[in-house]
Amino acid sequence: MTTKTIPPKKVASSAIEPFTINVSPFVIEDLRERIVRARWPDEIRDSGWQYGANREYLQCLCRHWAEGFDWKEQEAQLNTLHHYRVTVDGFGIHFVQEPGQGSKRIPLLLVHGWPDSFVRFLKLIPLLTAQGSDGLSFDVVVPSIPGFGFSDKPVEPGMNPTRIAGLFAGMMRELGYTRYLVHGGDWGSSIAEQMAIGFPGAVMGLHLTDIPYMHLFRVKPDEVSEAEKKYLQAGEQWSNTEGAYAMIQGTRPQTLAYGLNDSPVGLAGWIIEKFYGWTDHSGDLEKIYTRDELLVNLTIYWVTQTAGSACRLYYETKVHPGKEARGKINVPTAVLIAPKDLVPAPREFAERIYHLTRWNRLSEGGHFLAMERPGPLADDIFQFAATL
């Protein structure tokens with residue numbers, strides 16, 4: 001398939017090359033054969049999702065993955081976007097770039113997290129590139145974090161959010177953008193924050209859907225408000241009951257990688273359990289996402305063999321802590337909080353860290369807000385941009 005090109009003025013360096021997703025059919029056939037041969041574990045009767053990924057649901061999903069899911073159809077749909085790769089400091093980064101349609105265009109970098117990928121933003125991109133009522137739109141850039149998707153896998157230690165922020169800032173320079181907005185959630189919020197700390201002259205505004213988790217451990221409990229105290233207690237409770245995955249990925253990611261990289265069922269169980277637990281739904285995950293949406297994300301992890309390298313981001317961040325701001329981060333910041341996110345922060349906690357110019361809480365939505373509620377998220381980004 002021929003990859004479309006953006007107007008030449010957007011491509012500011014010969015280091016940038018068009019990219020087309022093209023997975024070998026033999027890789028997909030091997031995937032299907034592995035699913036068919038899977039050995040399914042036993043399960044406590046009527047336990048639902050209490051012990052982890054529900055076997056009945058996972059079997060139905062994997063059956064569709066092997067028998068009904070058409071990767072080539074999904075691949076063709078993904079390739080309708082403008083994909084590129086750029087080399088920054090010797091490291092290859094995959095990204096999507098879509099130009100805005102309005103008369104006033106603001107560059108906007110969207111940064112995903114784990115266990116998703118650049119496909120987190122597929123529903124959001126057309127809402128942001130469309131012209132708003134005042135002529136405003138966004139030139140959207142969506143990179144794959146190093147070790148995720150079609151970006152290179154790190155082969156040296158130290159690829160933490162600070163290092164990634166430097167690579168993404170270099171990528172934006174290569175694209176010719178000197179000033180831009182950055183939006184992120186999950187790891188995306190940590191990387192966005194590091195960009196604001198390291199490149200305040202380039203980042204004109206931050207838009208976040210959560211406060212990076214490391215701040216939970218940087219505040220003295222005797223100096224917080226009552227709302228912040230409840231937040232810190234909720235964070236501790238969540239870590240004790242839900243955070244084991246982060247401890248594993250932050251201490252022994254390589255051990256985990258052997259299973260995730262070799263077994264599609266193991267990969268599906270590890271990732272889909274998080275989508276089930278972190279999404280705002282009433283018990284039916286597929287009222288929020290289609291099966292194919294879930295499987296596109298899983299398939300990207302599988303065909304690129306990045307389950308292990310993506311997990312390593314937790315280890316690198318734990319062992320190589322990122323840069324801390326000296327005082328409050330002065331870049332104008334907006335925070336959009338979803339009620340069913342992992343541990344929603346109170347406003348006063350965000351005000352400790354950022355130059356907070358906008359704060360909004362939705363009535364519904366979970367951790368993957370760009371996939372769950374793209375409309376309200378796009379509206380909030382437009383409204384924030386209009387104030388800058």
Side-chain angles (χ1 to χ4, degrees), residues 34-36 38-69 112-117 119-120 185-187 209-210 213 233-250 252-253 255-257 259-302 307 310-311 314 337-344 362-373:
R34 288 171 183 258
I35 295 171
V36 170
R39 298 195 308 171
W40 292 90
D42 68 324
E43 183 181 58
I44 297 295
R45 186 182 297 117
D46 300 324
S47 59
W49 294 77
Q50 181 180 354
Y51 288 79
N54 176 260
R55 187 177 66 178
E56 180 181 4
Y57 178 79
L58 206 62
Q59 285 176 329
C60 290
L61 183 69
C62 288
R63 187 180 306 116
H64 179 64
W65 201 5
E67 299 174 1
F69 178 69
H112 66 83
W114 183 92
D116 52 279
S117 59
V119 300
R120 170 189 280 239
D186 193 85
W187 281 115
T209 54
D210 55 62
Y213 76 96
Q233 291 171 347
E236 182 178 6
Q237 173 69 14
W238 186 91
S239 181
N240 290 335
T241 59
E242 300 288 341
Y245 79 95
M247 293 299 295
I248 294 172
Q249 295 181 176
R252 296 295 183 270
T255 303
L256 177 63
L260 300 186
N261 197 64
D262 189 62
S263 169
V265 170
L267 177 66
W270 193 249
I271 287 180
I272 294 302
E273 189 266 331
K274 300 310 175 197
F275 272 87
Y276 187 89
W278 297 354
T279 297
D280 184 7
H281 62 93
S282 58
D284 185 354
L285 188 62
E286 292 177 19
K287 286 189 175 179
I288 306 298
Y289 318 109
T290 67
R291 287 185 180 182
D292 282 359
E293 283 182 88
L294 296 170
L295 291 174
V296 165
N297 185 59
L298 283 177
T299 305
I300 288 173
Y301 275 97
W302 180 261
C311 289
Y314 287 77
I337 294 294
K340 297 297 180 66
D341 204 349
L342 309 186
V343 189
L362 296 176
S363 60
E364 55 185 7
H367 189 62
F368 306 100
L369 204 54
M371 300 175 74
E372 298 177 55
R373 302 289 186 272

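These numbers come from the heavy atoms of this one structure, side chains and all, not from hydrogens, waters or symmetry mates. As the structure is a computational prediction, the values presented were derived from the model and not from experiment.
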- Message: Show, in sequence, the C-alpha distance, side-chain angles and deciding distance for Ser239 and Glu236, and conclude whether the side-chain contact (heavy atoms from CB on, under 4.5 Å) test is met.
- Response: CA-CA 5 Å; Ser239 181; Glu236 182 178 6; 5.7 Å; no
- Query: If you take all heavy atoms of Glu293 and Ile288, which pair is closest and at what distance?
  - Reply: OE2-O, 4.2 Å
- What's the spacing between Asp341 CG and Ile337 CD1 if we round to 0.5 Å? 7.0 Å
- Query: Stepwise, does the side-chain contact (heavy atoms from CB on, under 4.5 Å) test hold for Thr279 with Met371?
  - Reply: CA-CA 10 Å; Thr279 297; Met371 300 175 74; over 6 Å; no
- Flag the pair Tyr289 / Glu372 as yes when at least one side-chain heavy-atom distance between them is below 4.5 Å, and no otherwise. yes
- Query: What are the two closest heavy atoms between Gly185 and Thr209, and how far apart are they?
  - Reply: CA-OG1, 3.3 Å
- Is there a donor-acceptor contact under 3.5 Å from the side chain of Thr241 to the main chain of Gln237? yes
- Identify the heavy atoms of Gly266 and Leu260 that sit nearest to each other, and give their distance. O-CD2, 3.8 Å
- Task: Mind checking the CD1-CD spacing from Ile35 to Gln59? Nearest 0.5 Å is all I need.
- Result: 12.5 Å
- Message: One pair to check against side-chain contact (heavy atoms from CB on, under 4.5 Å): Phe368 and Asp186. What are the steps and the verdict?
- Response: CA-CA 9 Å; Phe368 306 100; Asp186 193 85; over 6 Å; no
- Mind checking the CG-OH spacing from Leu58 to Tyr276? Nearest 0.5 Å is all I need. 13.0 Å
- Determine, stepwise, if the pair His64 / Leu295 fulfils side-chain contact (heavy atoms from CB on, under 4.5 Å). CA-CA 9 Å; His64 179 64; Leu295 291 174; 3.4 Å; yes
- Trp114 to Ala310 - nearest heavy-atom pair and separation: CD1-CB, 4.1 Å
- Item | Minimum heavy-atom distance between Arg120 and Asp116, given as atom pair plus value | NE-OD2, 2.8 Å
- Within residues 259-283 or reaching into it, pairs that qualify as salt bridge (Lys or Arg N to Asp or Glu O under 4.0 Å) - sequence neighbours excluded: Arg34-Asp262, Asp280-Lys340
- Checking His281 side chain against Glu286 main chain: does a donor-acceptor pair fall under 3.5 Å? no
- Message: Tell me every residue that passes side-chain hydrogen bond (donor to acceptor under 3.5 Å, both in side chains) with Arg55, counting only those two or more places apart in sequence or in another chain.
- Response: none
- Between SG on residue Cys311 and CH2 on residue Trp270, distance to nearest 0.5 Å: 7.5 Å
- Message: Is the ring pair Tyr57/Trp49 parallel, tilted or perpendicular, if the boundaries are 30 and 60 degrees?
- Response: tilted
- Task: Would you mind reporting whether Leu342 and Asp210 have side-chain heavy atoms less than 4.5 Å apart?
- Result: no
- To the nearest 0.5 Å, what is the distance between CG (Leu294) and CZ (Phe275)? 6.5 Å
- Run the numbers on Tyr245 and Trp278 for ring pair (Phe, Tyr, Trp, His ring centres under 6.0 Å), then give the verdict. CA-CA 13 Å; Tyr245 79 95; Trp278 297 354; 5.4 Å; yes
- Does some side-chain heavy atom of Thr299 sit less than 4.5 Å from a side-chain heavy atom of Phe69? yes
- Note on the structure: Here the gap from Ser117 atom OG to Ile271 atom CD1, rounded to the nearest 0.5 Å, amounts to 8.5 Å
- What are the two closest heavy atoms between Gly48 and Glu43, and how far apart are they? O-OE2, 4.3 Å
